[in-house]
Amino acid sequence: MDVLQDLEWRGLINQVTDREGLHELLNNKQVTMYCGFDPTGDSLHIGHLLTIITLRRFQLAGHKPLALVGGATGLIGDPSGKKAERTLNEEDVVRMYTGRIKNQLQKYLDFDGSKKAEVLNNYDWIGSMDIITFLRDVGKHFGLNYMLSKESVESRIQSGISFTEFSYQILQSFDFYHLNKEQGCQLQIGGSDQWGNITAGLELIRRMKGGEEGDEPDAYGFTIPLVTKADGTKFGKTEGKAIWLDPEKTSPYEFYQFLINTDDRDVVKFLKYFTFLSEEEIQALEEELKTQPEERKAHRRLAEEVTRFVHGEEALKQAQHISEALFGGGDFKQLTADEVKQGFKDVPTHVVEEEEKGLIDLLVEAGISSSKRQAREDMKNGAVYINGERCQQMDKVIEEEDKIDQAFTIIRRGKKKYFLIQYA
Ligand SMILES: N[C@@H](Cc1ccc(O)cc1)C(=O)O
């Protein structure tokens with residue numbers, strides 16, 4: 001199976017310009033290709049992951065990926081897929097975002113050998129372009145009708161679009177032209193909302209090269225589908241929070257949990273999209289999903305593969321360890337301090353100075369029970385758990401052996417309310 005056939009059965013081809021031609025090209029030579037990422041935040045998020053993984057698939061098939069960070073385009077704002085005009089970020093903020101996203105992209109591609117990836121910043125060629133050159137050499141190739149007919153613009157004519165965002169398509173087109181000319185880049189990929197910008201780039205390449213309409217194309221465009229979920233909600237969020245690729249913003253444990261909680265109806269699709277497992281392996285998991293759904297093998301494999309790709313083996317092991325302790329009847333005391341921090345990130349934490357403390361006092365002091373009377377009541381009712389084990393011993397004193405990795409004690413009150421005691 002070649003790379004395009006592989007992308008096909010995975011359901012990753014949304015639109016392609018000249019499929020036949022691209023197929024032939026990819027089978028006959030090493031193709032340099034690119035995908036751009038605008039620095040709209042200080043981290044990439046899971047919504048960017050599918051294009052990154054797709055670049056990686058091309059690279060594994062022997063092609064050369066360029067990952068472009070939009071240090072220039074990020075200052076302008078792509079109207080594609082956006083209902084309203086964006087507020088501009090300060091230039092130094094965009095510069096900071098650009099640096100961070102560049103570093104992140106470095107983690108996901110291979111930078112050795114003949115098909116080595118490159119991370120580029122379009123500020124390096126757009127930043128220095130003067131307005132006369134822009135209008136004379138580039139703008140002249142864009143008919144107003146053509147620009148207005150792009151979905152990203154047309155859908156905003158009524159609600160409003162500035163000249164700034166309107167011009168965005170010219171900048172992205174220029175990138176494609178520039179990379180085609182300088183690096184022989186012949187393919188641009190992107191999310192489904194990028195079709196208009198990608199085809200505008202192809203048009204610019206043809207015109208700048210003095211080609212005629214209907215000439216054999218020298219470059220190609222390709223979009224992947226928008227990731228949708230069976231329940232109709234937007235992919236990439238849990239409880240309103242985005243799933244970031246930066247482990248400081250979304251811990252590997254949270255990332256793993258996000259994936260393991262995938263709806264049964266979506267799990268096979270996501271295995272195809274986000275993992276490098278073969279057709280046979282995915283079919284076997286699909287079969288198991290039908291025959292032994294309670295095992296959740298497909299979900300676990302999805303979470304495992306994607307967490308490993310994004311965060312590495314070590315972080316994956318930690319995420320699995322924490323999940324086991326929290327949901328699989330594992331022992332909290334086996335956790336490391338770092339794992340406790342990840343697994344209980346949003347849990348109220350109380351810092352104690354003293355070494356040994358009576359549990360009743362601690363429950364009150366940490367605000368877990370409202371009074372000593374309440375604390376005793378809670379314990380009597382069997383509602384208090386120390387590191388996952390019920391505690392009904394009224395004179396219990398927290399000792400060294402109750403401290404996980406000498407740093408934390410996990411207290412649970414009732415079914416789900418967790419608290420952390422941290423030792424200063
Ligand atoms: N417009 C793309 C990012 C991009 C920027 C520059 C390019 O040359 C290509 C793509 C987006 O918003 O996702």
Side-chain angles (χ1 to χ4, degrees), residues 14-15 17 32-41 43-55 58 65-89 94-95 97-98 100-102 104-105 117-127 129 134 138 142 147 150-153 155-156 161 164-205 208 219-227 235-236 242 245:
N14 185 51
Q15 282 178 287
T17 64
T32 300
M33 53 178 308
Y34 99 99
C35 178
F37 302 86
D38 270 352
T40 50
S43 169
L44 295 165
H45 51 73
I46 200 158
H48 294 111
L49 193 56
L50 199 55
T51 36
I52 296 172
I53 289 175
T54 307
L55 281 179
F58 278 103
L66 309 173
L68 177 147
V69 186
T73 38
L75 291 166
I76 305 304
D78 188 353
S80 306
K82 292 276 174 294
K83 288 200 184 68
E85 186 83 13
R86 293 157 181 260
T87 30
L88 293 173
N89 287 320
V94 175
R95 213 172 300 124
Y97 290 169
T98 301
R100 295 215 187 185
I101 284 164
K102 246 179 133 167
Q104 283 190 319
L105 287 167
E118 285 177 49
V119 178
L120 308 165
N121 179 356
N122 64 10
Y123 195 89
D124 293 347
W125 54 86
I126 296 179
M129 193 193 291
F134 175 74
V138 192
F142 287 81
M147 292 179 74
K150 294 284 172 191
E151 161 79 24
S152 57
V153 176
S155 62
R156 290 265 301 276
I161 182 167
T164 310
E165 287 195 4
F166 173 63
S167 316
Y168 185 97
Q169 52 180 287
I170 302 184
L171 296 184
Q172 185 163 337
S173 298
F174 185 74
D175 283 345
F176 200 0
Y177 164 76
H178 173 87
L179 295 173
N180 179 265
K181 189 167 108 207
E182 301 298 322
Q183 307 235 28
C185 173
Q186 288 183 283
L187 171 64
Q188 180 179 176
I189 72 166
S192 55
D193 62 355
Q194 294 300 310
W195 183 250
N197 290 338
I198 293 174
T199 50
L202 291 170
E203 190 60 20
L204 180 67
I205 292 173
M208 296 277 268
Y220 302 81
F222 160 36
T223 58
I224 60 173
L226 184 74
V227 182
F235 171 74
L245 303 190

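Atoms within a ligand are numbered from 1 in the order they appear, just like the ligands themselves.
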Could you tell me, atom by atom, which parts of ligand 1 come under 4.0 Å of a heavy atom of Gln188?
9 (C)

Just verifying a value: how many Å separate Glu85 CD and Ile161 CD1, rounded to the nearest 0.5 Å?
6.5 Å

List the closest protein heavy-atom neighbour of atom 6 (C) of ligand 1: residue, atom name, distance to the nearest 0.1 Å.
Asp175 OD2, 3.3 Å

Report, in ascending order of atom number, the atoms of ligand 1 lying under 4.0 Å from any heavy atom of Gly36.
3 (C), 4 (C), 9 (C), 10 (C)

Any side-chain heavy atom of Cys185 within less than 4.5 Å of one from Phe176?
yes

What protein heavy atom is closest to atom 13 (O) of ligand 1, reported as residue, atom name and distance in Å?
Gln194 NE2, 3.5 Å

Against heavy atoms of Leu68, which atoms of ligand 1 measure under 4.0 Å?
6 (C), 7 (C), 8 (O)

Classify the contact between Phe176 and ligand 1 as side chain, backbone, both or neither, using a heavy-atom distance cut-off of under 4.0 Å.
neither

Numbered atoms and elements of ligand 1 in range of Thr73, under 4.0 angstrom, heavy atoms
5 (C), 6 (C)

Going by atom types only, do Asn121 and Thr98 share a side-chain donor-acceptor pair under 3.5 Å?
no

Should the proximity of Leu171 to ligand 1, defined as any heavy atom under 4.0 Å, be assigned to the side chain, the backbone, both, or neither?
neither

Would you tell me whether Asn14 and Thr223 have side-chain atoms, one donor and one acceptor, within less than 3.5 Å of each other?
yes

Taking only heavy atoms of Tyr168 into account, list the atoms of ligand 1 that are under 4.0 Å away from them.
1 (N), 2 (C), 3 (C), 4 (C), 5 (C)

Would you say CD of Glu151 has more than 12 non-hydrogen atoms from neighbouring residues, nucleotides or ligands within 6.0 angstrom?
no

Is it the side chain (CB and beyond), the backbone, both or neither of Asp193 that lies under 4.0 Å from ligand 1, heavy atoms counted?
neither

Under 4.0 Å to a heavy atom of Asn122 - the qualifying atoms of ligand 1, by number:
6 (C)

Does Phe174 have a non-hydrogen atom less than 4.0 Å from ligand 1?
no

Please find the pair of heavy atoms, one from Pro65 and one from Leu55, that lie closest to each other, and give the distance.
CB-CD2, 4.0 Å

With heavy-atom distances below 4.5 Å as the criterion, would you say the side chains of Ile170 and Met147 are in contact?
yes

Salt bridge Glu165-Arg156, side-chain N to carboxylate O under 4.0 Å
yes

Where is the nearest protein heavy atom to atom 12 (O) of ligand 1: which residue, which atom, and how far?
Asp78 OD2, 3.2 Å

What heavy-atom pair brings Gly74 and Pro39 nearest, and what distance separates the two atoms?
CA-CD, 3.9 Å

